[in-house]
Engineer: 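A single structure is presented below for examination.
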Number of protein chains: 2
Amino acid sequence: MEALTIHEAAQTTGWTPRMLRYIERIGLIEPARTESGYRQYGAGELQRLRTLRELLAEHEIGLGDVAFALRLRRDEPLSGAVDSWLEAEPQRPEAVSADEWLRWEQEKHARIIAALTTNETMETAA
Amino acid sequence: MEALTIHEAAQTTGWTPRMLRYIERIGLIEPARTESGYRQYGAGELQRLRTLRELLAEHEIGLGDVAFALRLRRDEPLSGAVDSWLEAEPQRPEAVSADEWLRWEQEKHARIIAALTTNETMETAA
DNA sequence: CCAACCTTGACACAGCTTTGATAAGGTTGC
DNA sequence: GCAACCTTATCAAAGCTGTGTCAAGGTTGG
């Protein structure tokens, strides 16, 4: 159960030491340090490094994307703002009358406000 | 309730026509089109363009970040994968024994698997 | 005490993103 | 029918990302 050094961790996970430092810098995996500052990668970190590789490869995303997702989950005001902005985009109103469409927009806005003030969980329908 | 052309929309929202096309290309705001293909920006789009500006400015994020958030919300396998990867990072285990720590890691993994297989909604504690 | 690690920091380069400018051509309204 | 729009496509520049490499210096273990 010895912790690995950065070079050892790099070897067993397929990253380079350089990238492990980069991944740490963007906040994704921050290994413990020894007294003197050496990084220590344990089994958990190694596992996460490997699954991180898969995650990037399988979904065509970048480290920056994962870092942003992490930021979203840590910065509640941010995720709230992003969510409410995205929320205001259900589907395009087809050919509706101007009045009808305006009312629909206003109701949508009201729905968003309501969703924001009552901070309930929203369910993602399967 | 007239729809604005791209130049008019750009003027009233502070974007450039070029950027409105770009914002459309990355999927954030896709205005309706006339028969002949001209973009039509309605009040809803204008509002969203303005709030998009605020969103970017207030939270130091980029269009690509918002586009990724949109992708997250549309691509369930992706968001599931990202979430479960991020989930596996509660806090650093302090000085614990190797056995203890290994067990803790395994349990964490089990928790993640459980959370994945029973696709229930997770609650974001306030 | 020295070889072989580790640390941070800097320079660098390829490739992608963001944004502008410009070209070639269609639409519209007077 | 022409001025003033619009469209798409392309070239280009500026900036960011991901990655390598090197330098100057600390740590470690025989």
Side-chain angles (χ1 to χ4, degrees), chain A residues 2-42 45-46 48-72 82 85 92, chain B residues 2-42 45-46 48-50 52-72 82 85:
Chain A
E2 4 50 89
L4 303 193
T5 67
I6 193 171
H7 278 263
E8 294 165 336
Q11 291 243 307
T12 67
T13 60
W15 295 99
T16 59
R18 180 64 164 89
M19 286 313 294
L20 294 191
R21 297 198 184 95
Y22 184 65
I23 288 168
E24 178 179 11
R25 213 167 83 64
I26 65 180
L28 293 187
I29 292 181
E30 302 175 327
R33 300 292 189 111
T34 66
E35 284 273 338
S36 56
Y38 285 20
R39 290 172 180 81
Q40 295 183 115
Y41 291 86
E45 274 91 9
L46 299 180
R48 280 168 64 64
L49 283 170
R50 294 197 194 93
T51 55
L52 180 57
R53 277 190 147 291
E54 292 169 23
L55 183 63
L56 300 190
E58 287 177 28
H59 295 277
E60 287 278 354
I61 64 180
L63 289 170
D65 292 323
V66 183
F68 181 67
L70 175 60
R71 190 179 159 199
L72 273 182
V82 171
W85 190 87
R92 191 134 330 278
Chain B
E2 6 47 90
L4 302 192
T5 67
I6 193 171
H7 277 263
E8 294 165 337
Q11 290 244 306
T12 67
T13 60
W15 295 97
T16 59
R18 178 67 165 89
M19 287 311 294
L20 294 193
R21 296 199 185 95
Y22 184 65
I23 288 169
E24 178 179 11
R25 214 168 85 63
I26 64 181
L28 294 186
I29 293 181
E30 301 174 327
R33 300 294 189 109
T34 67
E35 284 272 339
S36 57
Y38 285 21
R39 290 172 181 81
Q40 296 183 115
Y41 290 87
E45 273 91 10
L46 299 179
R48 279 169 64 64
L49 284 170
R50 293 197 194 95
L52 180 57
R53 276 191 148 292
E54 293 169 22
L55 183 64
L56 299 190
E58 287 176 29
H59 295 277
E60 287 278 354
I61 65 179
L63 290 171
D65 293 324
V66 182
F68 182 67
L70 175 61
R71 188 180 160 197
L72 274 182
V82 171
W85 191 87

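Computed from a predicted model, the values in this text were never measured in an experiment. First the proteins, then the strands, lettered A, B, ... as listed; each starts at 1.
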Engineer: Determine whether A:Arg39 and A:Glu45 satisfy the following criterion, salt bridge (charged side-chain N to carboxylate O under 4.0 Å, His left out), listing intermediate values before the conclusion.
Structural biologist: CA-CA 11 Å; A:Arg39 290 172 180 81; A:Glu45 274 91 9; over 6 Å; no
Engineer: Report the distance from atom CD1 of B:Ile23 to atom P of C:dG20, rounded to the nearest whole Å.
Structural biologist: 11 Å
Engineer: To the nearest 0.5 angstrom, please state how far the CD1 atom of B:Ile61 sits from the CG atom of B:Leu55.
Structural biologist: 4.0 Å
Engineer: For A:Tyr38 and B:Ile26, find the nucleotide of DNA chain C closest to each by heavy atoms; which residue's nucleotide sits nearer the 5' end?
Structural biologist: A:Tyr38
Engineer: How close or far is atom P of D:dT7 from atom CD of B:Glu30, stated in whole angstroms?
Structural biologist: 14 Å
Engineer: For the pair made of CZ in A:Arg39 and P in D:dT27, what is the distance, rounded to whole Å?
Structural biologist: 15 Å
Engineer: Could you tell me the separation between the CD atom of A:Glu24 and the P atom of D:dT17, rounded to a whole number of Å?
Structural biologist: 18 Å
Engineer: Base, sugar-phosphate alone, or nothing: which one does A:Thr34 contact when heavy atoms must sit under 4.0 Å apart?
Structural biologist: nothing
Engineer: Where the side chain of A:Arg53 meets the backbone of A:Gly14, is there a donor-acceptor pair that is under 3.5 Å apart?
Structural biologist: yes
Engineer: Could B:Arg71 and A:Glu60 be called an ion pair, given the rule that one side-chain N must be under 4.0 Å from one carboxylate O?
Structural biologist: no
Engineer: Please indicate whether B:Arg25 has more than 12 foreign heavy atoms, meaning atoms of other residues, nucleotides or ligands, lying under 6.0 Å from its CZ.
Structural biologist: no
Engineer: Within the structure, does a side-chain N or O atom of A:Thr5 lie under 4.0 Å from either OP1 or OP2 of C:dC6?
Structural biologist: yes
Engineer: Please tell me which of the listed nucleotides, D:dT8, C:dT19, D:dT19, lies nearest to the side chain of A:Tyr22?
Structural biologist: D:dT19
Engineer: What is the distance, rounded to the nearest whole Å, between atom CD of A:Glu8 and atom C1' of C:dA4?
Structural biologist: 12 Å
Engineer: Between A:Ser36 and A:Arg18, name the one whose nearest nucleotide on DNA chain C is closer to the 5' end.
Structural biologist: A:Ser36
Engineer: Check whether any side-chain N or O of A:Arg33 sits under 4.0 Å from OP1 or OP2 of C:dT8, and answer yes or no.
Structural biologist: yes
Engineer: Would you kindly give the CZ-to-P distance between A:Phe68 and D:dG18, to the nearest whole Å?
Structural biologist: 14 Å
Engineer: Could you state the CD-P distance from B:Gln40 to C:dT28, rounded to the nearest angstrom?
Structural biologist: 11 Å
Engineer: Taking the side chain of A:Thr16 as its heavy atoms from C-beta onward, which of C:dT8, C:dG20, D:dG20 lies nearest to it?
Structural biologist: D:dG20
Engineer: Quickly work out the A:Ile6 CD1 to D:dT27 P distance and round it to whole Å.
Structural biologist: 17 Å
Engineer: Looking for any heavy atom pair under 4.0 Å, which part of the strands does A:Arg25 touch: base, sugar-phosphate only, or nothing?
Structural biologist: nothing
Engineer: Taking only side-chain nitrogens and oxygens of A:His7, does any of them come within less than 4.0 Å of OP1 or OP2 of C:dC6?
Structural biologist: yes
Engineer: Base, sugar-phosphate, or nothing: which does B:Arg21 touch, judged by heavy atoms less than 4.0 Å apart?
Structural biologist: base
